[in-house]
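A quick write-up on the structure given underneath.
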Protein chains: 2
Amino acid sequence: MTDQIPTARQEGKRATRARDVVEHLTRAIHERRLGPGMKLSEDEVGEIFGVSRTIVRAALQQLAHDSLVAIEPHRGAFVAQPTVREAREVFEARALLEPRTARSAALRATPRDIGLLKRHMDQEHEALAAGQNGLALRLSGQFHLEIARIADQATIEGFIAQLVSRSSLVIALYWRRPQAMCESHAHHALMRAMEDRDGDRAEEVMKGHLLDLLSLLDLQDPVPVPQSLKEALTGR
Amino acid sequence: MTDQIPTARQEGKRATRARDVVEHLTRAIHERRLGPGMKLSEDEVGEIFGVSRTIVRAALQQLAHDSLVAIEPHRGAFVAQPTVREAREVFEARALLEPRTARSAALRATPRDIGLLKRHMDQEHEALAAGQNGLALRLSGQFHLEIARIADQATIEGFIAQLVSRSSLVIALYWRRPQAMCESHAHHALMRAMEDRDGDRAEEVMKGHLLDLLSLLDLQDPVPVPQSLKEALTGR
DNA sequence: GCAGACCTGATCGTATACAATCTGCGATGA
DNA sequence: TCATCGCAGATTGTATACGATCAGGTCTGC
């Protein structure tokens, strides 16, 4: 109760605070402040956010449903540690969903959409230039989500959102290169294809992009980085 | 507390009873004992299953995450009523996922898998012959799930499971023909393609099968069938 | 007679309390 | 010294209690 997160969005639409906790935790995972295997104690999380365990439990169960955290009965919740097999599955699923979605997006994109994508990519570059790798990684994932949104397929967008989230964990565990994102080129090429309304090219670029990502993963387990939970959540 | 469901599987692996409630409700929806729009009062569900609202809430939130129920704040939980747009999205997503999954399954299927599929299809026929349309519908959905399982893609299997579930609701709302399942032929053809290890044919058959289903939907809203909750859940 | 405000009953959102279970440490004996 | 047993603390699973919010009906004033 001493120092808690600034209540997130108090102008929020709904009173349900579980959503806030989910958002904070998800963002922390995306930015790699929360690493795979880290324990998420209900009491601890509840104190940090200033909510009771009821809320925390709901949030954790929701995250577990997206395979972002693993709940072990009578043991607790932990940030998920995708196995090699799961890592492969995630990218195979993305390879199945995203190329065709990129095609649809390219065919449907309005000039406004293109503008938003450009702004998004600028932010990505800024974060990268500023050395904020965590932020850059999260923005990079959001780029893929934006494309699904442009394709106007809410259901598929939900699936991709889940897969992008899990990809963060996969990258945290299996990424070799210290240089975080060399993939800006791919995003740029994708955007140009969409600008040209070239569905074929967009699909092909996305396919290659995902294959690149997968090929850059080393399917051995590097050391996880268990750090303090509180520091990860409060230390912006 | 007077008459409650027989506690489902008491040999179950885990103590979490929320999973039981989810399973029961899901099955009820699949078999169309619970129709779109039906209210799921927390107290009522809790009494029927002999659990507290805590459990019921967890179950309902899980179902909401799969878009099987819609939770309206301060109003309650209702069996979802997919809009025309959602209906289309569900089948578009299935068309994206299932054909390629069927191809993988055909290439990986063992004789044991084929045997299980055959038995499954027999059950489907039996249910249909016995006039148990609800059961037949559920088994028909499980057939698709079995294929994803054979393809050995747990992640994609999860997505398909969700889509198949939602398809039940879509069918309940937008199906015209009184004859429930004329699609047994498609399942049969699919199985033969898998028996022949013919990935191309399996993919093609699945694609056509899903297009058939979509074309049989009439995207106008027929009357929903609101009935008693308790009767739907206890009256096996 | 009708429209709008008020009240009431019911239902949900959240917090807290209690019971069940697990983990870790220390005592005990070989 | 090492392995095993048992207890204490901590953490999770579930139930219940209380406050907040909303839908529907009733009553009053025009």
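Letters A, B, ... mirror the listed sequences (proteins, then strands); counts begin at 1.
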Nearest to the [X] side chain among [options], which nucleotide is it?
X: B:Arg53; options: D:dT12, C:dT14, D:dA15; value: C:dT14
X: B:His74; options: D:dT21, D:dG13, C:dA15; value: D:dT21
X: B:Glu42; options: C:dG13, C:dT16, D:dT14; value: C:dG13
X: B:Ile55; options: D:dT12, C:dT16, D:dT14; value: D:dT14

Just how far, in rounded Å, is [atom2] of [N] from [atom1] of [X]?
X: B:Leu60; N: C:dT11; atom1: CG; atom2: C1'; result: 13 Å
X: A:Glu44; N: D:dA10; atom1: CD; atom2: C1'; result: 13 Å
X: A:Glu47; N: C:dA15; atom1: CD; atom2: C1'; result: 15 Å

Verify the contact: side-chain N or O of [X] to OP1 or OP2 of [N], cut-off strictly under 4.0 Å; return yes or no.
X: A:Arg19; N: C:dG13; value: no
X: B:Arg17; N: D:dA15; value: yes
X: A:Thr54; N: C:dT14; value: no

Toward the 5' end of DNA chain C, which comes first, A:Val51 or A:Arg75, by nearest nucleotide?
-> A:Val51
I would like to know whether A:His65 and B:Gln62 meet side-chain hydrogen bond (donor to acceptor under 3.5 Å, both in side chains); could you show each step before the answer?
-> CA-CA 8 Å; A:His65 195 280; B:Gln62 196 165 332; 5.0 Å; no
N-O pairing of A:Asp113 and A:Lys118 below 4.0 Å =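 Salt bridge absent between A:Asp113 and A:Lys118.
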Do A:Arg85 and A:Glu89 sit within salt-bridge range, that is, some charged N less than 4.0 Å from a carboxylate O?
-> yes
Within the distance-only criterion (no hydrogens, no angle test), does the side chain of B:Ser140 pair as donor or acceptor with the backbone N or O of B:Ala136 below 3.5 angstrom?
-> no
Base, sugar-phosphate, or nothing for B:Arg57, non-hydrogen atoms under 4.0 angstrom?
->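 If one applies the 4.0 Å heavy-atom cut-off, B:Arg57 turns out to touch a base.
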